[in-house]
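Only heavy atoms go into these numbers, but all of them, side chains included; no hydrogens, no water, no symmetry mates. Just so it is clear, the structure is predicted and the values come from calculations on it, not from any experiment. Chain letters run A, B, ... following the sequence lines, proteins first and then strands; every chain starts at 1.
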Amino acid sequence: MAIRLSERKYVAELLHGAKIGEKYVVAGWVDTIRIHGKLVFIILRDRTGKMQLVVKRNISENAWREAKKLSPESVIGAKGILVESKAALGGREIVVEELVVYSKADPLPIDIKDHSKTTLAKRLDWRFLDLRNPRNQLIFLVEAEMARAAREYFYNNGFVEIYTSKIVGAATEGGAEVFSIVYFDKPAFLAQSPQLYKQMGVISGFEKVFEIGPAFRAEPHHTTRHLTEYTSVDFEMGFIDSYEDVMRVAEQAVLSMIQAGLERYGKRVREFFPNTLDRVPRSIPRITIREAYKLLRSSGVSVEEGEDLSSEAERKLGEIVLREYDAPLVFVTEYPWRVRPFYTMRKSDEPEWTYSFDLLFRGLEIATGGQREHRYEVLVKQLEEKGLNPKNFEWYLSMFRYGAPPHGGAGIGLERVVMQFLGLGNIREARLLPRDPERLVP
RNA sequence: GCCGCGGUAGUAUAGCCCGGCCUAGUAUGCGGGCCUGUCAAGCCCGUGACCCGGGUUCAAAUCCCGGCCGCGGCGCCA
């Protein structure tokens, strides 16, 4: 008599393929409930979709009595006959003979049917409910798919996956943007980047390494594109001819992420996210930052030669490149030395510029990379030039005294890729449990 | 960190400038009733709110100050 969940079929199976006229067990959440006197319609939702159950008093008095008392988002199981029904969503419905309520839900604190009816802050307070909305859940299915594609790309191209420490004894690049923690009786920090460790991976002899892991930034940004904790897709590769080799890998990794997202979820993504990128770009154009200055200036954006691009300039550049090259992504190369970290390799012929790049996706920086300086003496000089004390980098510097190949790499912000791909307005949407200067829970 | 805007039922909002007409409106939710083909079901009845603290005033949701929280811009970054 009782419903056996081990016999359960997913909604998608019942809607496509399962035999009409057979008896099936379904289970899930009550999406919508419509009570019509002696007739109750239940829209049941599981991870594969939604379908209608109809509970009729003259079929089962017990089930009907239970159904009348249901509340949205309660968890139920049902057993009944699958029938065709022109009126039902999906063309099929289950005529319920048995109904079990596993968990009755209280009135909901947020509107989960339509994400736009509740502010993002409230939605995040109730994230587990917010994610019951298929649109919001889809963001993380896409994220998982993109991470999988990146991982697969790296594995297929000879990179070794490494796991570096996130508790560190010294800040990577000096500076105030690290979180301090107490490590027993010693001061310590949360890693803002695996930068130095992935270089170690190369120098250790793995030659090509990558890591997908958390990065922490203690910068009190109040913007739609910053998190204090995010997922960084990092790679580093040895024996390169130039930073062009690094860009090629970054390009292929990012394009394979976009391709994977579209291939697996393209249809649903287009349904829920009107601003999504709907095709995979063939390639990513490269322009030097000096060309970018010119393009921007001729479009009326004031830029300072030798400076980093402001967020406004990046946005504008994204528009220009889309117009001129029909490309949603662009590499901006040869950033000025003065705005890049000490380990960046400078151009041999123009030392005020570097062998480095940023990758912009629809006008937003999603990756940074370049060739690293591997010559010990040059590194020491560059540290000093940046006003840093080589004494504090002894461990790092020592790696370059015992055989370090020419190498380079990049870091890609996973949430930013997801955000720009889907056309989200706020990066917090692309993070399961976002952390920002104010938010620490849930 | 600096700057701007904001905080009204469970949720989303109107009202705030120009204090009294607010016994705070609307939608949705929630509770109850009618209904055997709905599809954000419908119709009827009911329910529920001015962020906290101080001040100005005969009178404060409305004006002023402080706090907390939210949203966004900038710097910076992925």
| task | Classify the side chain of A/Arg439 and the base of B/rC69 as holding, or not holding, a donor-acceptor pair under 3.5 Å. | result | no
| said: What contact category does A/Arg428 fall into here, base, sugar-phosphate, or nothing, at under 4.0 angstrom with non-hydrogen atoms? | reply: sugar-phosphate
Quick one: side chains of residues 21-29 of chain A, donor-acceptor pairs under 3.5 Å with protein atoms, not counting sequence neighbours, listed by atom name and distance.
unit_1, atom_1, unit_2, atom_2, d
A/Lys23, NZ, A/Glu97, OE1, 2.9
A/Tyr24, OH, A/Lys19, N, 2.9
A/Tyr24, OH, A/Lys19, O, 3.4

| Does A/Glu314 get its side chain close enough to the base of B/rC77, under 3.5 Å, for a donor-acceptor pair? | yes
| Given pairs defined as Watson-Crick or G-U wobble with both distances under 3.5 Å, what dot-bracket annotation applies to RNA chain B, with ( ) intrastrand, [ ] crossing, | other strand and . unpaired? | (((((((..((((......[....))))((((((.......))))))...(((((..]....))))))))))))....
| query | Which residues, if any, of residues 295-313 of chain A bring a heavy atom under 4.0 Å of RNA chain B? | reply | A/Asp308, A/Ser310, A/Ser311
| Taking only side-chain nitrogens and oxygens of A/Thr368, does any of them come within less than 4.0 Å of OP1 or OP2 of B/rA78? | yes
| Would you say B/rC77 has OP1 or OP2 under 4.0 Å from some side-chain N or O of A/Thr228? | no
| task | With heavy atoms under 4.0 Å as the rule, sort A/Asp436 into base, sugar-phosphate or nothing. | result | nothing
| Looking at the side chain of A/Asn426, which of B/rA12, B/rG72, B/rA78 is the nearest nucleotide? | B/rG72
| request: Would you please name every residue forming a ring-ring contact (aromatic ring centres under 6.0 Å, His included) with A/Tyr396, sequence neighbours left out? | output: A/Phe342, A/Phe400
| said: Over all strands shown, is A/Ser232 touching base, sugar-phosphate only, or nothing at heavy-atom distances under 4.0 angstrom? | reply: nothing
| note | Hits for salt bridge (charged side-chain N to carboxylate O under 4.0 Å, His left out) against A/Glu438, two or more places apart or cross-chain, chain-then-number order -> none
| note | Residues at least two apart in sequence or cross-chain that pass side-chain contact (heavy atoms from CB on, under 4.5 Å) with A/Ala327, listed by chain then number, are A/Pro285, A/Val321, A/Tyr325
| remark: Closest to the side chain of A/Pro109, out of B/rC76, B/rA78, B/rG10, is B/rG10
| request: Take atom NE2 of A/His222 and atom C1' of B/rC2, then tell me their distance rounded to the nearest Å. | output: 11 Å
| query | Under 4.0 angstrom, heavy atoms only, what part of the nucleic acid is A/Arg340 near: base, sugar-phosphate, or nothing? | reply | nothing
| task | I would like to know whether A/Phe235 and A/Phe154 meet ring-ring contact (aromatic ring centres under 6.0 Å, His included); could you show each step before the answer? | result | CA-CA 8 Å; A/Phe235 71 89; A/Phe154 288 122; 5.5 Å; yes
| Closer than 4.0 Å, any side-chain N/O of A/Arg123 to the OP1 or OP2 of B/rG10? | no
Just distance, no hydrogens or angles: give the donor-acceptor pairs under 3.5 Å from side chains in residues 107-114 of chain A, sequence neighbours left out.
unit_1, atom_1, unit_2, atom_2, d
A/Asp111, OD1, A/Lys113, N, 3.0
A/Asp111, OD1, A/Asp114, N, 3.4
A/Lys113, NZ, A/Asp31, O, 3.0
A/Asp114, OD1, A/Ser116, N, 3.0
A/Asp114, OD1, A/Ser116, OG, 2.7
A/Asp114, OD2, A/Ser116, OG, 3.4

| said: At 4.0 Å (heavy atoms only), tell me whether A/Thr231 reaches a base, stays on the sugar-phosphate, or touches nothing. | reply: nothing
| request: Mind checking salt bridge (charged side-chain N to carboxylate O under 4.0 Å, His left out) for A/Lys316 and listing every partner two or more places apart, or none if nothing turns up? | output: A/Glu319
| remark: Hits for salt bridge (charged side-chain N to carboxylate O under 4.0 Å, His left out) against A/Glu84, two or more places apart or cross-chain, chain-then-number order -> none
Going by atom type alone, with no hydrogens or angles, which donor-acceptor pairs under 3.5 Å involve a side-chain atom of residues 299-306 of chain A and a protein atom two or more places apart or on another chain?
unit_1, atom_1, unit_2, atom_2, d
A/Ser299, OG, A/Leu295, O, 3.2
A/Glu305, OE1, A/Arg297, NH2, 3.2

| field | Those residues that, when tested against A/Glu244, pass salt bridge (charged side-chain N to carboxylate O under 4.0 Å, His left out) (two or more places apart) | value | none
| said: Return a single string for nucleotides 34-40 of chain B, one symbol per nucleotide in 5' to 3' order, where B is base contact, S is sugar-phosphate-only contact and - is none, cutoff 4.0 angstrom on heavy atoms. | reply: -BBBBBB
